[in-house]
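Have a look at the structure below, then the notes.
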Amino acid sequence: MSLHRLALRLAAVEALCPAASEEAGPYPTLAGRLVYDSRQVPIDQLVPDKPRPILLVYTEEDKGTPWGSGRHRPEETIVTLVVEALIAARGTVVIDLPDGGTGTVGVADVGPTDPEHEALLDVLEAQVRYALDRRSMAPSAELYRRIAMEVRAIESVPLRDAEKTTRLAFRTISFTVQVRATEWPAPGAEPTLPEPLRTVAEALPVGSYGRDICDRVAGLVPAPPGLVPLEAIDIFAGIGRMPTAEDYDVRAQVAGQSPGAT
């Protein structure tokens with residue numbers, strides 16, 4: 001029952017790069033349209049000719065504490081939403097050659113200086129936090145606010161690597177978010193996506209990346225089971241004690257009805 005993770009991730013991607021703005025803007029962050037859902041590719045493939053900010057969106061840990069006698073549904077569901085804010089630049093690396101000389105690897109133009117990289121990441125992180133903050137009421141995050149009920153914690157961890165041909169500077173921003181748990185349609189209902197993924201699918205425009213994902217998932221989820229006819233209900237009562245099917249003081253039986261009967 002983890003489709004709420006998918007719902008949260010798609011809603012976050014929509015908040016950071018709305019489908020309506022994907023081609024020409026305006027964009028909520030410096031990353032523009034370079035916002036990727038769970039993308040895992042070599043960094044060199046993400047780096048354009050000039051350094052550009054990039055956002056990668058993931059969902060990680062999913063925690064819930066079951067409640068009630070059935071112990072099957074969590075009272076609340078907590079998901080870790082991760083946004084990696086990345087700036088990658090091709091730099092020049094000097095190497096020692098076998099003949100005793102030196103050579104270079106990479107592209108000569110290293111782009112912005114390190115202080116500029118850091119400042120750009122500061123701005124990019126601030127824009128991400130603003131877009132995903134319920135109090136800011138960012139227009140692009142209307143759908144996200146319907147899925148993310150509450151943010152419990154935010155953590156930002158920096159990482160820098162200047163030892164390779166592609167110089168990296170990025171932040172891992174982790175949001176601990178309470179979300180609506182996956183809720184499947186009731187037995188006998190029309191086949192449809194469970195909530196809150198259904199809310200996401202209905203809000204995204206047809207042909208958009210997120211809507212295409214939802215449409216594919218819709219063809220994979222099982223149909224809700226049909227209703228089982230109720231044959232009878234047994235009621236046991238005990239005087240001053242807990243009755244059982246073998247030991248009771250009063251017993252009554254109510255005949256059941258077929259689904260749809262009145």
Side-chain angles (χ1 to χ4, degrees), residues 1-23 25-41 46 52-64 76-87 121 123-157 170-183 193-205 207-217:
M1 291 189 178
S2 59
L3 291 179
H4 49 264
R5 287 205 305 265
L6 175 59
L8 178 66
R9 191 169 67 249
L10 292 179
V13 171
E14 176 70 8
L16 299 173
C17 183
S21 304
E22 189 172 354
E23 294 299 328
Y27 303 110
T29 75
L30 294 172
R33 60 180 297 183
L34 301 181
V35 179
Y36 301 101
D37 172 7
S38 306
R39 186 163 186 176
Q40 298 183 23
V41 297
L46 287 176
R52 286 287 307 276
I54 299 168
L55 294 178
L56 307 175
V57 182
Y58 306 88
T59 43
E60 302 288 359
E61 289 84 359
D62 184 344
K63 299 179 181 179
E76 63 179 22
T77 302
I78 307 298
V79 175
T80 301
L81 174 70
V82 176
V83 181
E84 290 187 350
L86 165 70
I87 297 178
L121 279 176
V123 173
L124 185 57
E125 179 178 345
Q127 290 175 330
V128 170
R129 287 177 178 245
Y130 179 85
L132 302 183
D133 189 339
R134 297 184 64 89
R135 298 168 298 178
S136 68
M137 298 299 290
S140 65
E142 190 275 333
L143 175 60
Y144 174 81
R145 292 191 294 271
R146 294 165 63 184
I147 307 302
M149 301 170 61
E150 181 183 25
V151 176
R152 302 286 180 85
I154 303 176
E155 181 181 10
S156 177
V157 179
F170 68 86
R171 310 270 176 87
T172 299
I173 314 163
S174 300
F175 298 83
T176 303
V177 184
Q178 180 184 357
V179 300
R180 297 165 56 190
T182 298
E183 182 175 348
L193 285 170
E195 288 288 4
L197 188 58
R198 182 165 73 246
T199 294
V200 173
E202 293 174 349
L204 294 175
S208 64
Y209 159 78
R211 180 60 179 271
D212 288 345
I213 292 292
C214 292
D215 290 344
R216 293 176 191 173
V217 172

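- Considering every non-hydrogen atom in both Leu132 and Ala15, the closest pair reads CD2-CB, 3.9 Å.
- Here the side chain of Arg171 pairs no donor or acceptor atom with the backbone of Val157 at under 3.5 angstrom.
- Within the 4.5 Å cutoff, the side chain of Tyr209 has heavy atoms near those of the Leu10 side chain.
- Classification of Asp212 and Arg216 as a salt-bridged pair fails, no side-chain N sitting under 4.0 Å from a carboxylate O.
- Counting heavy atoms from C-beta on, the side chains of Thr29 and Tyr27 never come closer than 4.5 Å.
- Residues Tyr144 and Leu8 meet the side-chain proximity criterion, which asks for heavy atoms closer than 4.5 Å.
- The closest donor-acceptor contact from the side chain of Thr176 to the backbone of Arg152 lies at 3.5 Å or more, if one exists at all.
- Formation of a donor-acceptor pair under 3.5 Å by the Ser156 side chain with backbone atoms of Ile173 is not found in this model.
- Contact record, Thr182 with Pro194: CG2-CB, 3.8 Å, taken as the closest heavy-atom pair.
- Without hydrogens or angle criteria, Arg134 side chain to Ala148 main chain gives a donor-acceptor distance under 3.5 Å.
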Residue pair Ser38, Arg9: steps toward the side-chain hydrogen bond (donor to acceptor under 3.5 Å, both in side chains) verdict: CA-CA 9 Å; Ser38 306; Arg9 191 169 67 249; 3.2 Å; yes
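- Between Thr59 and Leu6, the closest side-chain pair of non-hydrogen atoms is not below 4.5 Å.
- No side-chain heavy atom of Arg180 sits under 4.5 Å from any side-chain heavy atom of His4.
- Using a 4.5 Å heavy-atom threshold, the side chains of Val200 and Glu14 count as separate.
- Side chain of Glu125 to backbone of Ala85: no donor-acceptor contact under 3.5 angstrom is found.
- A pairwise comparison of heavy atoms in Thr199 and Glu195 identifies OG1-OE1, 2.7 Å as the closest pair.
- Between Ile54 atom CD1 and Glu84 atom CD the span is 11.0 Å, to the nearest 0.5 Å.
- In this structure, CD in Glu202 is found 11.0 Å from CG in Leu143, a value given to the nearest 0.5 Å.
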